[in-house]
Amino acid sequence: MRIVTWNVNSLRARQERVEEWLAEVQPDVVLMQETKLADDAFPTLAFESMGYSCAHHGQGQWNGVAILSKVGLDDVVANFAGPGDPDPDARIITATCGGVRVSSVYVPNGRSLDDDHYTYKLWWLGRLQAHLDADTSPDQDVIVGGDYNIAPDDRDVHDPKVLVGATHGSEPERQRLAELEAWGLTDVFRTMHDDDRMFSWWDYRGGDFHQGRGMRIDLLMCSKSVVDRVTWTAIDRNARKGKSPSDHAPVMVDLD
DNA sequence: ATGGTTGTTGCACAA
């Protein structure tokens, strides 16, 4: 079973490229972020014609997350489960696909360390823990995949200096990621690429992609029983090339 | 210190 996560940065602007990539790579489950669509604008028919069932949690204009699956799509939960406030934004959707409890997450960017949006980002990551406690358990097959807007450590950025005094690498953010690991999730890419410096996002500006100035902020966080089934994992940086790419590349994992 | 680019919306803001 092939599972991927991809921040498409507007599905309306990316539909053609997304369909081409899906036809080429043939993932069974797709965790999509930043559709930037309202639910009634989601192109369900186009994906159904490619063999996917679809679940979308959108708000229009910004955010929006989806799950596409060829291996079943059951028990869909939009927004956070369990006690605690709901997210005012459309940033998480959860479903069971092929026996795996998958979530597509778009963690708030944070903007800067003194911004209210950074406080929201830290709240959001804590609220995700409460969601997981209510929705599932670490001894199940669980994948929480998406755009975390966090570089897990200094291997995950072209130059660690860009994280000094900035979001994406601050201690509180990395602490929240460590708490997800303590809950039972593992950044699956690092289990097979110990020293590789590969990125999943490059700013559109300044030729950053061609200069290699990126970060690895899109993660597939997997429970132990999932990690034990992994045969391959990679980031498709080819998807960042060419005409009208998303600023994110897809992250992929294959399970036995 | 600023700018660089893209997407959505509307004459900015978010990333």
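Only heavy atoms go into these numbers, but all of them, side chains included; no hydrogens, no water, no symmetry mates. Since this is a predicted model, take the numbers as computed values, not measurements. Quick note on labels: first sequence line is chain A, next is B, and so on, each numbered from 1.
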| message | Do the side chains of A/D116 and A/R111 get close enough for a salt bridge, i.e. N-O under 4.0 angstrom? | response |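 Here A/D116 does not pair with A/R111 in a salt bridge, since their nearest N and O are not under 4.0 Å apart.
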| query | What is the distance, rounded to the nearest whole Å, between atom CG of A/L11 and atom P of B/dG7? | reply |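 The distance from CG of A/L11 to P of B/dG7 comes to 13 Å, rounded to the nearest Å.
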| message | Rounded to whole Å, how long is the line connecting atom CD of A/E16 with atom P of B/dG7? | response |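 So the two atoms are 13 Å apart, to the nearest Å.
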| Hey, are A/D187 and A/Y148 close enough side-chain-wise for a donor-acceptor pair under 3.5 Å? |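 A/Y148 vs A/D187: no donor-acceptor pair found between side chains.
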Taking atom [atom1] in both [N] and [M], compute the distance separating them and give it to the nearest angstrom.
N     : M      : atom1 : answer
B/dT2 : B/dC11 : P     : 24 Å
B/dA1 : B/dT6  : C1'   : 23 Å
B/dT9 : B/dA15 : P     : 15 Å

| said: What does the B/S/- profile of nucleotides 9-15 of chain B look like, 5' to 3', with a 4.0 Å heavy-atom cutoff to protein? | reply: S----SB
| task | Answer with base, sugar-phosphate or nothing: what part of the nucleic acid does A/R14 contact at a heavy-atom distance below 4.0 Å? | result |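 Counting heavy atoms under 4.0 Å across all strands, the contact made by A/R14 is with sugar-phosphate only.
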| said: Can you tell me how far apart CG (A/D28) and OH (A/Y52) are? Round to the nearest 0.5 Å. | reply: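 With rounding to 0.5 Å, CG (A/D28) is 7.0 Å from OH (A/Y52).
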| task | Measure the spacing between CG of A/D156 and CD1 of A/I217 and express it to the nearest 0.5 Å. | result |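 It comes to 10.5 Å.
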| Contacts of type salt bridge (charged side-chain N to carboxylate O under 4.0 Å, His left out), residue A/D203, not counting sequence neighbours |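 With sequence neighbours excluded, A/D203 shows a salt bridge (charged side-chain N to carboxylate O under 4.0 Å, His left out) to A/R205, given in chain and number order.
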| task | Decide yes or no for A/H168 and A/I150: does some side-chain heavy atom of the first lie under 4.5 Å from some side-chain heavy atom of the second? | result |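 Sidechains of A/I150 and A/H168: no contact.
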